[in-house]
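Note that the coordinates shown come from a computational prediction; the quantities given were computed from them, not determined experimentally. The figures here come from the full heavy-atom set of this structure, side chains too, leaving out hydrogens, waters and symmetry mates.
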Amino acid sequence: MKRLVLFLSITALLVACGPSRQDRIDQIEDFEDSLTESAIVVDSAAAEQLTNLYVEFADKYPSDSLAPQYLMKAADMQSNVMNTERAVALFDRIIENYPDFDQLPICYFLKGNAYESNSQFEEAKAAYQVFVDKFPDHFMAEQTRKMIPLVGMSPEEMLDKILDDANNSIIAQ
């Protein structure tokens, strides 16, 4: 823990002094490494610190190819610590500012996942539907289309729905 506090202090000092692009990348990579070495589950303070480093990089170098990647990592991290509002805002930032980002379809999908993880089922369904509508040929689109009606259901309800749909499909043939 002392090592993490020391690292966070040094990180804050380096950010205040205005490091170069490569210094920022190294700082982010070092922080990522320290998290994977020290904890299986990232605590919210460490997640916030790393998210801030990702966002600061994207703010400083918005046209850098790493900017949308770092924003996606930040959004995913915030989703993992159940900060859905911030995760969604970061996914929206990527969607709005990086329309050519190769992982854009995944951003749409993960936005739905963030909502679903936070039991915001109507928002999740809407986000998944946007994903399916915008990327109908994506390899995850068909499964997502089938999944949308199941969002928010208990495992028992899902099974009943799947079996009912299968029975109706057999009867219709």
Side-chain angles (χ1 to χ4, degrees), residues 1-132 134-135 138 140 144 147 151-152:
M1 187 65 176
K2 287 181 183 180
R3 187 174 80 170
L4 183 58
V5 171
L6 177 62
F7 184 79
L8 292 175
S9 299
I10 291 170
T11 300
L13 181 61
L14 288 173
V15 169
C17 295
S20 69
R21 176 188 177 278
Q22 189 58 49
D23 289 341
R24 288 175 189 267
I25 293 170
D26 293 343
Q27 181 182 12
I28 288 169
E29 289 173 354
D30 289 345
F31 198 112
E32 289 172 335
D33 290 344
S34 74
L35 287 180
T36 58
E37 289 174 6
S38 65
I40 293 173
V41 176
V42 177
D43 67 48
S44 59
E48 189 64 26
Q49 179 71 26
L50 186 52
T51 296
N52 289 339
L53 290 174
Y54 289 140
V55 171
E56 287 169 7
F57 182 92
D59 290 344
K60 178 82 173 164
Y61 306 101
S63 60
D64 193 294
S65 64
L66 288 174
Q69 293 175 34
Y70 282 164
L71 289 172
M72 191 157 163
K73 285 182 174 188
D76 190 45
M77 180 159 296
Q78 290 300 303
S79 183
N80 288 334
V81 295
M82 301 304 291
N83 190 346
T84 304
E85 187 176 314
R86 184 144 189 224
V88 167
L90 289 163
F91 285 128
D92 285 343
R93 179 175 171 182
I94 297 165
I95 290 165
E96 185 177 316
N97 296 328
Y98 301 96
D100 297 326
F101 181 44
D102 64 340
Q103 295 296 309
L104 193 64
I106 301 301
C107 288
Y108 279 95
F109 180 84
L110 290 177
K111 180 179 172 181
N113 194 21
Y115 279 131
E116 187 176 4
S117 296
N118 197 42
S119 300
Q120 294 176 263
F121 301 124
E122 293 309 311
E123 293 88 343
K125 288 178 182 181
Y128 289 138
Q129 190 62 54
V130 170
F131 164 71
V132 168
K134 284 191 167 286
F135 306 99
H138 191 273
M140 292 171 47
T144 303
M147 180 185 76
V151 170

To the closest 0.5 Å, what do you measure between [atom1] ([X]) and [atom2] ([Y])?
X	Y	atom1	atom2	value
Gln103	Leu71	CD	CG	13.5 Å
Leu90	Thr51	CG	OG1	7.0 Å
Leu66	Ile25	CG	CD1	5.0 Å
Asn113	Phe91	CG	CZ	8.0 Å
Thr84	Glu116	OG1	CD	11.5 Å
Asp23	Arg21	CG	CZ	11.0 Å

Parallel, tilted or perpendicular: ring planes of Phe109 versus Tyr128, cut at 30 and 60 degrees: tilted
Mutual orientation of the aromatic rings belonging to Phe57 and Tyr61 [parallel < 30°, tilted 30-60°, perpendicular > 60°]: tilted
Evaluation steps, side-chain contact (heavy atoms from CB on, under 4.5 Å), between Tyr54 and Gln69: CA-CA 9 Å; Tyr54 289 140; Gln69 293 175 34; over 6 Å; no
Report yes if the side chains of [X] and [Y] come closer than 4.5 Å at any heavy-atom pair, otherwise no.
X	Y	answer
Glu122	Tyr115	no
Arg93	Val55	yes
His138	Ile106	yes
Cys107	Met72	yes
Lys111	Phe131	no

Donor-acceptor check, side chain of [X] to backbone of [Y], threshold 3.5 angstrom: yes or no?
X	Y	value
Asn80	Asp76	yes
Tyr70	Leu53	no
Ser79	Ala75	no

Distance-minimising heavy-atom pair for Ile94 and Pro68: CD1-O, 3.9 Å
For the student: nearest non-hydrogen atoms of Tyr98 and Ala67, plus distance: OH-CB, 3.5 Å
Electrostatic pair Arg86-Glu48, nearest N-O below 4.0 angstrom: yes
Salt bridge Arg24-Asp64, side-chain N to carboxylate O under 4.0 Å: no
